[in-house]
Amino acid sequence: MESDEKGGRVGLRMRKQLLKPIETKKACKKNEGKEMEMVTREEEPLSPAARLFHEPSFNLYIIAIMGCKTRICPQVVKANLVHTLLKHPRFYSLQVGDGEMMRWVATEVEIEKHVIVPEVDQNMDMKSAEEFVEDYVYHLSKTRIDKSQPLWDLHLLNVKTSSESEAVGIFRIHHSLGDGTSLMSLLLACTRQINDPEALPTIPVKNKNKKQQDKERYRGFWNVLMTFWSLLQLFWNTAVDIFMFMATAFFLKDTENPLKGPAGVEFTPRRIVHRTVSLDDIKLVKNAMNATINDVALGMTQAGLSRYLSRIYEKGQTTQKKNNFPKNMRLRSTLLINLRPTAGIQAFADMMEKDTEAKYGNWIGYVLLPFTIGIRDDPLDYVREAKATVDRKKHSFEAIFSFSIAEIVLKLFGTKAASALSHRIIANTTMCFSNVVGPLEEIGYYGIPMSYLAATSYGQPHALMINFQSYVNKMTTVLSVDEGTIPNPHQLCEDIAESLKLIKDAVVASGLHEYILILLRMEWSATSATKAFLDTLKLCNDYKIRCDSWRTQEPESNEFISALAAGMKSKLIVEVSPGVSPSTLALAAAARHTGGRLVCILPERVLAESNKVIKDSGLKDIVELKTGDPAELLSHYGNIDFSLVDCKNDDYERLLKLLDVNPERSVVVANNLVSEKRGLEGTVKGLERVEVRSMKHPIGSGMEITMIGKTNDIEKIRPSSPKARRIDRVDIKRKTFKSNWVVKVDEESGEEHVFRVPEYA
């Protein structure tokens, strides 16, 4: 389970292969049953890194838990393993011999010994099934695979653990077969996209635009100066990191804390728990703070660990304090870095289908990553601190140094000395952390679709290992813990997930507060906004009662856009939608209270149904339903005050650009902006001397709000920047914030709804 490091890959690109590709003896049979000619190949010795993972204190196994949306047919899996995974020599070879003499020797794989299907109680409820799987993995971590067979196995459990997971597959692979990146790529090469059974999974690639922009920004003398300064920082950071690395090897230990395991913790079984959160939430924070997904993952981990440890340290305190942590607390993680040029999924797929070669093995270094533990007033500080730490570590050759030192010790002093050195460094830190990038699309193995991926390991000299694994629009946090050290891993997992929610809410609040500042400078009608808000509640609720099949979005999104459109006194409102939806009723309610009109552009096939909805809702005089080509129809409307484009439309990006907005003051909403979809992003062509401000919010299924207006009304302010805080203070002095409580009684149900509505004096 490793992060990726471009500098390390480039630095080792010229490195020669020390070992030849595996060449062994293997018997094959033709379809007619006649035995083919034996191919004689040379046996390959294990690499030094592979031998290292056989040392008693470093005997690591990788666990990959895969949730499946359908029940697993063991016969289908067994039959297809022969044509996929077993094409790779590591998976049909034994590791024979001891110490320096260990070699790969091909063997006939008895598939029944490797694919294990235990009998399970099919009457278990989902909670019991989830506990069963967790206990199964726990007991699995107590065992090791016998060396008389290739060191991997697959456990198939047909138990329903959630609404999305009808079965679970558990891959266990010894770390000597390869590092996490290689193994993950190999496993993914055995799968195909659900929507395109012939296509391999797609893995996100790094965006190099930022480096190109930096090169264009600095030219001539400044380019030389910045290059010199960057090299100076690189050598200084590397020197400091090497010193800390050596100090950790000899004497420098982390502060004793509730997460640090005792001596011999590598021999204890592991409780493996996982929790899935929204990857879109992480991307929201990433985009708002100009960070990376790894920065956000590290930030939410720091926040979660701080919450967990604070709860423990508070128990021993007689006085209540904000931070009960030990002074100058040192808590570090080993962050695993992939240094080998990754072969990629396609290379492994070609190798299994066409018997080509693909680079494989263990090429990993690691860096010592300090964690900042403490309770922060602003949750965003955790991400800022994580980003600063990671940015500094990226500008260092620490990973290459740690890899090179391990290899030198292996060659000069042997496997035992290298194992002792690595064990000492890792044991002097508290935990291990990694982040693995997964596929962008749903994948399946021969028709078995996967609902989640959760990868981790056991056998390491840490009581806590935290892995992040992305899959489509999900991010799974996986904890592998020693229960003797961390007796409540579910609470720690929950603390990390809750920390993401707090960080996301802080980002959203920062962005919404910015909109409030903008609205304070505009002509804003709090009365119209309040009436539209309440009207939308009633309209959506009434229709839901009449038609149980209407599945609305999160209610907050409808009331929000209605209040925004009405508060801005929008007269011409245009919506492009696949049909009348709750957002249509919300915008119609806004138009009713501003004396305006709503133009809804939709497909011909839903016109009759949409007309009925509008008529039944009493909005016939306010809403104009138009059918036809949206691009052509939009050209008939100019100076639009408020527009909403549903991004489920395949042509939504073009439609957003075709909107003729009111340059004096207008709002454009890109709704259902899920996953990697992009809105206007602060750019509207054809407008001069106006300001444009866009921000994506996790409201509903994802929504980008773009505000357009005069320069004096809208200022491009980065959320939580010093400039934003200065403007906030000025506006707070200038404006007096008050609030009224509005009580609305539903005539049919008799329920009383109370709303707090802000007023600005």
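The figures here come from the full heavy-atom set of this structure, side chains too, leaving out hydrogens, waters and symmetry mates. Computed from a predicted structure; not experimentally measured.
- Side chains of Arg144 and His174 form no contact here, defined as non-hydrogen atoms less than 4.5 Å apart.
- Closest approach of Val437 to Gln469, counting heavy atoms only: C-NE2, 4.0 Å.
- When each of Ile173, Asn467, Ile170 is tested with Ile63 by the rule side chain to side chain contact (heavy atoms under 4.5 Å, CB included), just one qualifies, namely Ile170.
- Using a 4.5 Å cut-off on side-chain heavy atoms (C-beta onward), Phe433 and Asn294 make contact.
- Every residue meeting the side-chain contact (heavy atoms from CB on, under 4.5 Å) condition with Ala64, not counting sequence neighbours, appears here in chain and number order: Phe171, Leu187.
- Taken to the nearest 0.5 Å, the CG atom of Leu464 stands 12.5 Å off from the NZ atom of Lys260.
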Subject >> Evaluation steps, side chain to side chain donor-acceptor pair (under 3.5 Å), between Asn428 and Thr248 >> reply: CA-CA 7 Å; Asn428 282 345; Thr248 303; over 6 Å; no
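- In plain terms, the two heavy atoms of Asp377 and Pro379 that are nearest each other are O-CD, 3.6 Å.
- When all heavy atoms of Glu398 and Leu368 are compared, the pair lying nearest together is OE2-N, 3.0 Å.
- For the pair Ile496 and Ile466, the minimum side-chain heavy-atom distance is below 4.5 Å.
- Between the His175 side chain and the Gly178 main chain, a donor and an acceptor come within less than 3.5 Å of each other.
- Between Thr268 and Thr485 there is no side-chain heavy-atom pair separated by less than 4.5 Å.
- Side chain of Ser480 to backbone of Ser457: a donor-acceptor contact under 3.5 angstrom is found.
- Within the 4.5 Å cutoff, no side-chain heavy atoms of Glu134 are placed close to those of Ile65.
- Between Leu453 and Met66, the shortest heavy-atom distance links the atoms CD2-CG, 3.5 Å.
- Each of Thr429, Leu369, Ile373 was checked for a side chain to side chain contact (heavy atoms under 4.5 Å, CB included) with Leu331, and the lone residue meeting it is Ile373.
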**OP:** Could you check Val285 against Asp281 for side-chain contact (heavy atoms from CB on, under 4.5 Å), going step by step and ending with a plain yes or no?
**Re:** CA-CA 7 Å; Val285 178; Asp281 287 350; 6.0 Å; no
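- A donor atom on one side chain and an acceptor atom on the other are not found under 3.5 Å apart for Glu55 and His423.
- With rounding to the nearest 0.5 angstrom, the OH atom of Tyr61 is 6.0 Å from the CZ atom of Arg172.
- Here the side chains of Leu335 and Lys393 are not in contact, with every heavy-atom distance at 4.5 Å or above.
- Ser419 places no side-chain N or O within donor-acceptor distance of the main-chain N or O of Thr415, the cut-off being under 3.5 Å.
- Counting non-hydrogen atoms of other residues, nucleotides and ligands closer than 6.0 Å to NZ of Lys416 gives a total of 12 or fewer.
- For Pro150 against Ile145, the heavy-atom pair with the smallest separation is O-CG2, 4.1 Å.
- Side-chain atoms of His395 and Thr238 include no donor-acceptor pair closer than 3.5 Å.
- A salt bridge between Arg384 and Asp295 is absent, with no side-chain N of the basic residue lying under 4.0 Å from a carboxylate O of the acidic one.
- A donor-acceptor pair under 3.5 Å is absent between the side-chain atoms of Tyr308 and the main chain of Leu259, judged by distance alone.
- With salt bridges taken as basic N to acidic carboxylate O contacts below 4.0 Å, none links Arg330 and Asp254.
- The heavy-atom pair separating Met431 from Leu305 by the smallest distance is SD-CD1, 3.7 Å.
- Once rounded to the nearest 0.5 Å, the distance linking CE of Met465 with OG of Ser434 reads 5.0 Å.
- Rounding to the nearest 0.5 angstrom, the gap separating the OG atom in Ser396 from the CZ atom in Phe235 is 11.0 Å.
- Summarising the local packing, CZ of Phe243 is surrounded by 12 or fewer heavy atoms from other residues, nucleotides or ligands at distances under 6.0 Å.
- For the pair Arg270 and Tyr458, the cation-pi test (distance below 6.0 Å, angle within 45°) is failed.
- Remark: Arg90 is positioned above the aromatic ring of Trp104, its terminal NZ or CZ atom under 6.0 angstrom from the ring centre and at most 45 degrees off the axis.
- The CG atom of Leu479 sits 12.5 Å away from the CZ atom of Arg271 when rounded to the nearest 0.5 Å.
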Original post:
Between Ile282 and Met300, is a side-chain contact (heavy atoms from CB on, under 4.5 Å) present by the stated rule, with each step listed?
Top reply: CA-CA 9 Å; Ile282 293 177; Met300 61 188 276; 4.3 Å; yes
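- Side-chain atoms of Asn59 and Phe53, non-hydrogen and from C-beta on, never get closer than 4.5 Å to each other.
- Using a 4.0 Å cut-off between a side-chain N of Lys or Arg and a carboxylate O of Asp or Glu, Lys286 and Asp280 do not qualify as a salt bridge.
- Atoms CZ and CG, from Phe245 and Leu252 in turn, are 12.5 Å apart once rounded to the nearest 0.5 Å.
- Within the 4.5 Å cutoff, no side-chain heavy atoms of Lys387 are placed close to those of Met289.
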Original post:
Given Phe325 and Ser310, is the side-chain contact (heavy atoms from CB on, under 4.5 Å) satisfied, shown in steps?
Top reply: CA-CA 7 Å; Phe325 307 103; Ser310 177; 3.6 Å; yes
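- Ion pairing of Arg307 with Asp495 is present here, as a side-chain N (NZ or NE/NH1/NH2) and a carboxylate O approach within less than 4.0 Å.
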Original post:
Going through the checks in order, is the side-chain contact (heavy atoms from CB on, under 4.5 Å) test met by Val472 and Glu441?
Top reply: CA-CA 5 Å; Val472 196; Glu441 317 84 4; 5.7 Å; no
